[in-house]
Amino acid sequence: MTETLTISYLNCGFCTAKNHCASCGAELAQSLLQRPGIEAAEMNIPDHTLQVTHTLDADDLEDLLDGMGVLVG
């Protein structure tokens with residue numbers, strides 16, 4: 001399933017400036033791809049969106065993202 005989710009909060013451990021640039025989004029997307037059940041991920045920080053293709057149920061996806069510091073909704 002492919003979904004486009006709205007990012008409401010991002011706790012980015014990659015960015016020391018905390019300005020959440022495009023490189024942060026790319027690194028977070030790459031981290032997502034390493035997780036079971038995630039087939040594709042593209043994060044657009046300026047638009048506050050995450051497009052993700054996955055095989056997880058809604059609760060498991062939310063838990064995974066929450067554990068990575070990404071809140072959606």
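These figures come from a predicted structure and were not determined experimentally.
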With a 3.5 Å cut-off and sequence neighbours excluded, list the donor-acceptor pairs that the side chains of residues 36-49 form with protein atoms.
{"unit_1": "N44", "atom_1": "OD1", "unit_2": "D47", "atom_2": "N", "d": "3.1"}
{"unit_1": "N44", "atom_1": "ND2", "unit_2": "D47", "atom_2": "OD2", "d": "3.1"}

Task: Evaluation steps, side-chain contact (heavy atoms from CB on, under 4.5 Å), between M1 and T53 - done: CA-CA 5 Å; M1 168 188 325; T53 303; over 6 Å; no

Distance-only donor-acceptor hits, side chain of residues 54-73, under 3.5 Å, sequence neighbours excluded:
{"unit_1": "H54", "atom_1": "ND1", "unit_2": "L56", "atom_2": "N", "d": "3.1"}
{"unit_1": "H54", "atom_1": "ND1", "unit_2": "L56", "atom_2": "O", "d": "3.1"}
{"unit_1": "H54", "atom_1": "NE2", "unit_2": "E3", "atom_2": "OE2", "d": "2.6"}
{"unit_1": "D57", "atom_1": "OD1", "unit_2": "D59", "atom_2": "N", "d": "3.2"}
{"unit_1": "D57", "atom_1": "OD1", "unit_2": "D60", "atom_2": "N", "d": "2.8"}

